[in-house]
Amino acid sequence: MNRKSILLLILSIIVLGLMAVISNKNYLLVSFAFLILTFGIYFWKFEKTAHSSREIVFIAIICALAVVGRIIFAAIPSVKPELFILILGAIVSGPETGFLMGTIIALASNMYFGQGAWTPWQMFALGIIGLVSGLMQNKDIAIWKLTIWGFLTGFLMGWIMDIYYIIGFVNPISLKSVVTSIAASFYFDFVHAIFTAVLVLIVGKRWMKLFNHYKQKYNLFQ
């Protein structure tokens, strides 16, 4: 993990810490601060290296696909393809771009699902998944390993959102209440994890080939 990725991670945790301190009423302020932070890190990198406007188009396409996919499956709890799309997009584009795409996907899709104190936490969760997935850039990852990672992301996102729930709504916080909260979300996290893993296993290679073709054709994210 390079210095910019570590900086993104540290600053994101600081932002969430401020979120817990200042009040849930300021969630939109925190959400846009989060987005400005990730945009700032990305465009800092953008200015330092040879990028093209086509990379911005690629980012927009990935985010749009993830947002539309999440909305289309809105009626079925936890059955959402946004993690699958984010993982593959981040592997092609890299960790900082993956983090950026994750935050945009969460904020943009909540324009439909509804903004709230949970939004910055979802931005962080998807951002982390995008960042870690981006660390696999330019590596020949076996599809079974990618499938396992897809499965784990369903729980990773769920656990981060459990932290948000426990901090904001569980009183008193004890081992029993923490275990109860995590157990209550297990079914939904498991369905999300299974759905993501199945998508990676069945169509992951095909989508990765498509994304890599676009990357090589236009010489992106080098």
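Quantities reported herein were computed from a predicted structural model and do not represent experimental measurements.
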So [Y] and [X], do their side chains get closer than 4.5 Å, heavy atoms only?
X    : Y    : answer
I128 : L156 : yes
V67  : E82  : no
M136 : L146 : yes
I91  : N138 : no
L86  : I62  : no
Y214 : V57  : yes
I76  : V191 : no

Calculate, to the nearest 0.5 Å, the distance between atoms [atom1] and [atom2] belonging to [X] and [Y] respectively.
X    : Y    : atom1 : atom2 : value
L131 : T97  : CG    : OG1   : 10.0 Å
L65  : I72  : CG    : CD1   : 9.5 Å
I85  : I61  : CD1   : CD1   : 12.0 Å
I129 : M101 : CD1   : CE    : 12.5 Å
F155 : H192 : CZ    : NE2   : 11.0 Å
L83  : M157 : CG    : CE    : 6.0 Å

Looking only at heavy atoms, what is the nearest atom pair of [X] and [Y], with distance?
X    : Y    : result
G127 : F99  : O-CD1, 3.1 Å
I87  : T196 : CD1-CG2, 4.2 Å
Q137 : V92  : NE2-O, 3.1 Å
P81  : G69  : CD-O, 3.4 Å
T119 : G114 : OG1-O, 4.4 Å
G130 : A90  : O-CB, 3.2 Å

Side chain to side chain contact (heavy atoms under 4.5 Å, CB included) with [X]: which residues, sequence neighbours excluded?
X    : answer
T147 : I143, A197, V200, L201
V198 : I194, I202
F113 : R70, I71, A74, K80, S109, N110
A142 : W144, K145

Does W149 have any side-chain hydrogen bond (donor to acceptor under 3.5 Å, both in side chains) partners at least two apart in sequence or in another chain, and if so, which?
S133
Let me check something: any side-chain donor-acceptor pairs from residues 204-211 under 3.5 Å, sequence neighbours excluded? List them with distances.
none

Identify all side-chain donor-acceptor contacts of residues 166-187 below 3.5 Å with residues at least two apart in sequence or on another chain.
{"residue": "S174", "atom": "OG", "partner": "S177", "partner atom": "N", "Å": "3.3"}
{"residue": "S174", "atom": "OG", "partner": "S177", "partner atom": "OG", "Å": "3.3"}
{"residue": "S177", "atom": "OG", "partner": "P172", "partner atom": "O", "Å": "3.2"}
{"residue": "S177", "atom": "OG", "partner": "S174", "partner atom": "N", "Å": "2.7"}
{"residue": "S177", "atom": "OG", "partner": "S174", "partner atom": "O", "Å": "2.9"}
{"residue": "T180", "atom": "OG1", "partner": "K176", "partner atom": "O", "Å": "2.7"}
{"residue": "S181", "atom": "OG", "partner": "S177", "partner atom": "O", "Å": "2.8"}
{"residue": "S185", "atom": "OG", "partner": "D162", "partner atom": "OD1", "Å": "3.0"}
{"residue": "S185", "atom": "OG", "partner": "D162", "partner atom": "OD2", "Å": "3.0"}
{"residue": "S185", "atom": "OG", "partner": "I182", "partner atom": "O", "Å": "3.1"}
{"residue": "S185", "atom": "OG", "partner": "D189", "partner atom": "OD2", "Å": "3.3"}

With ring-ring contact (aromatic ring centres under 6.0 Å, His included) as the rule and sequence neighbours excluded, what pairs involving residues 61-82 come up?
F73-F195
Output yes when a side-chain donor or acceptor of S78 lies under 3.5 Å from a complementary backbone atom of F188, and no otherwise.
yes
Short question: side chain of E55, backbone of F221 - any donor-acceptor pair under 3.5 Å?
yes
